[in-house]
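Below is one structure, written out as structure tokens; comments come after it.
The residues of the chain are indexed from 1 along the displayed sequence. The shown structure was predicted, so the numbers you read here are calculated from the model rather than taken from an experiment.
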Amino acid sequence: MAARAYWQGQIRLALVSIPVEIYTATKSGAQIAFHQIHEPSGQRIKYEKVAPGVGAVEPDEIVKGYEVEKGEYVLLEQDEIDAVKLESRKTLELTQFVDADEIDVLYYERPYFVVPADDLAEEAFIVLREALRRARKVGLGQLAMRGREYVVSLKPCGRGMILETLRYADEVQKAQGYFREIPDSEPDPELLDLAQTLIEKKASKFDPKGFHDRYVDALRDLIEKKKKAKGAKILEDPDKPESRGSNVVDLMAALKKSLNTGDTKAAPKAKAPAKKAPAKKPAAKKRA
């Protein structure tokens, strides 16, 4: 595998240890990066690490320090930090199994691919993967990576498994503080039916390729225009925001209008067959 493993160690389930490797499952998008430039000279701004009263310092003179009091630090060398005894640095012990829907989406942080480290680990890896799949459970444990210990979840994904780092409870805001002012009332049944119909008309399978960063596209377009304008300032008027009048009064009309516009991806309704014109009755014969 060409990519470099983000973490190497073993998954432990009771007395069974499975050597595995973990790889990052995501990558940075095509972002537009800006630099700070000194406009009069056109030179890029650079930053130096300096100490008050000393000036610029060399990288090998810098150590990590924890402030215990104002201006007083406990200094730590990197090898001292690396030597901290933590079993989860090399072993992910699965200590609990839960239903996937028990974990609030707020806790999920970052996904990683998990693969067996070698051929000998494959059998045990497959057994664990299929056991999780049949039980419809997610394994939980703690794992140390890059100087921090994470709570992680483990679940099947195709032939492999996905490990996701989770946030600790004290890292997640309580939703009640933000949702408290929202009234606990039942919506109007007719409005609810209209909204549900609109959702069903727009329902489709998720396709991540159907979305792209329009802001990045717009910035690229601006950069190209700026190059052609040879430095001249370019300002485009942004679209005016829609009026935010009373939405309650117009909600029914807005929902009905939405259902009748071509904005939805509704399948075209089959046209009813055209009605045949009634056959003309033969003219009555005149009596002689």
Side-chain angles (χ1 to χ4, degrees), residues 1-12 17 19-95 105-115 117-118 140-154 161-174 213 215-216 219-220 222-223 226:
M1 190 173 291
R4 182 180 177 183
Y6 190 83
W7 183 88
Q8 293 175 307
Q10 58 186 2
I11 295 174
R12 189 161 66 202
S17 294
V20 296
E21 294 178 343
I22 292 175
Y23 296 84
T24 54
T26 58
K27 59 183 179 180
S28 299
Q31 299 296 319
I32 299 294
F34 292 106
H35 299 290
Q36 290 187 323
I37 306 297
H38 180 235
E39 187 175 14
S41 65
Q43 296 297 315
R44 181 178 169 183
I45 302 296
K46 294 186 177 181
Y47 295 92
E48 292 182 322
K49 294 188 177 182
V50 298
V54 178
V57 297
E58 297 296 327
D60 59 1
E61 297 176 328
I62 301 173
V63 296
K64 292 185 178 180
Y66 179 80
E67 189 172 30
V68 290
E69 291 183 15
K70 187 68 175 177
E72 184 179 342
Y73 303 90
V74 173
L75 304 183
L76 295 169
E77 300 285 348
Q78 187 59 48
D79 56 357
E80 293 178 304
I81 297 172
D82 294 339
V84 171
K85 299 290 183 182
L86 200 61
E87 189 177 1
S88 60
R89 287 180 61 200
K90 289 297 179 184
T91 302
L92 165 58
E93 183 168 4
L94 299 178
T95 57
V105 293
L106 286 171
Y107 287 91
Y108 285 107
E109 193 171 31
R110 182 172 295 179
Y112 296 87
F113 295 131
V114 184
V115 300
D118 50 45
L140 296 179
Q142 287 182 274
L143 177 66
M145 296 188 294
R146 306 290 173 95
R148 183 186 171 189
E149 188 175 51
Y150 297 88
V151 179
V152 299
S153 69
L154 184 71
M161 289 192 276
I162 288 286
L163 178 143
E164 291 180 89
T165 56
L166 305 177
R167 297 179 177 90
Y168 287 97
D170 59 2
E171 295 178 306
V172 177
Q173 299 277 18
K174 298 296 182 184
D213 194 330
Y215 183 62
V216 170
L219 283 177
R220 285 202 179 104
L222 173 61
I223 291 168
K226 189 79 172 181

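Separation of atoms OG (Ser17) and CD (Glu93) is listed at 8.5 Å; rounding is to 0.5 Å. Atom OG1 in Thr165 sits 7.0 Å away from atom CZ in Arg110 (nearest 0.5 Å). Atom-to-atom distance recorded for Glu171:CD and Leu106:CG is 12.0 Å, nearest 0.5 angstrom. To the nearest 0.5 Å, atom CD1 of residue Ile22 and atom CD of residue Gln8 are 10.0 Å apart. If you take CZ on Arg4 and OG1 on Thr24, they are separated by 12.0 Å, rounding to the nearest 0.5 Å.
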> Could you go step by step and tell me if Phe34 and Leu219 meet the side-chain contact (heavy atoms from CB on, under 4.5 Å) rule?
Replying inline: CA-CA 11 Å; Phe34 292 106; Leu219 283 177; 4.2 Å; yes
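The minimum heavy-atom distance linking Ala51 with Val57 is given by the pair CB-CG1, 4.1 Å. For the pair Thr95 and Gly141, the tightest heavy-atom approach, listed with the atom from each and the gap, is OG1-CA, 4.3 Å. Nearest approach of Tyr150 to Met145, heavy atoms of both residues: CE1-O, 3.6 Å.
At least one side-chain heavy atom of Val63 sits less than 4.5 Å from a side-chain heavy atom of Glu77. Taking 4.5 Å as the limit, some side-chain heavy atom of Leu166 sits within range of a side-chain heavy atom of Tyr108. Considering only heavy atoms from C-beta on, Phe113 comes within 4.5 Å of Ile162 through its side chain. Put simply, the side chain of Leu163 does not reach to within 4.5 Å of the side chain of Val20, judged on heavy atoms.
In the displayed structure, Glu48 atom CD is contacted under 6.0 Å by at most 12 heavy atoms of other residues, nucleotides or ligands. Around atom CZ of Arg167, more than 12 heavy atoms belonging to other residues, nucleotides or ligands sit under 6.0 Å away. Within a 6.0 Å sphere centred on CD of Glu67, heavy atoms belonging to other residues, nucleotides or ligands number more than 12. Counting heavy atoms of neighbouring residues, nucleotides and ligands inside a 6.0 Å radius, atom OH of Tyr168 exceeds 12 of them.
Looking at Trp7, its side chain does come within 3.5 Å of a backbone N or O of Ala144 through a donor-acceptor pair.
For the side-chain hydrogen bond (donor to acceptor under 3.5 Å, both in side chains) test with Thr91, the passing option among Gln142, Gln10, Arg12 is Gln10; the others fail. Partner of Leu94 under the side-chain contact (heavy atoms from CB on, under 4.5 Å) criterion, out of Ile11, Leu140, Val152: Ile11 alone. Tested against Ser41, the residues Gln43, His38, Arg44 include a single side-chain hydrogen bond (donor to acceptor under 3.5 Å, both in side chains) partner, His38.
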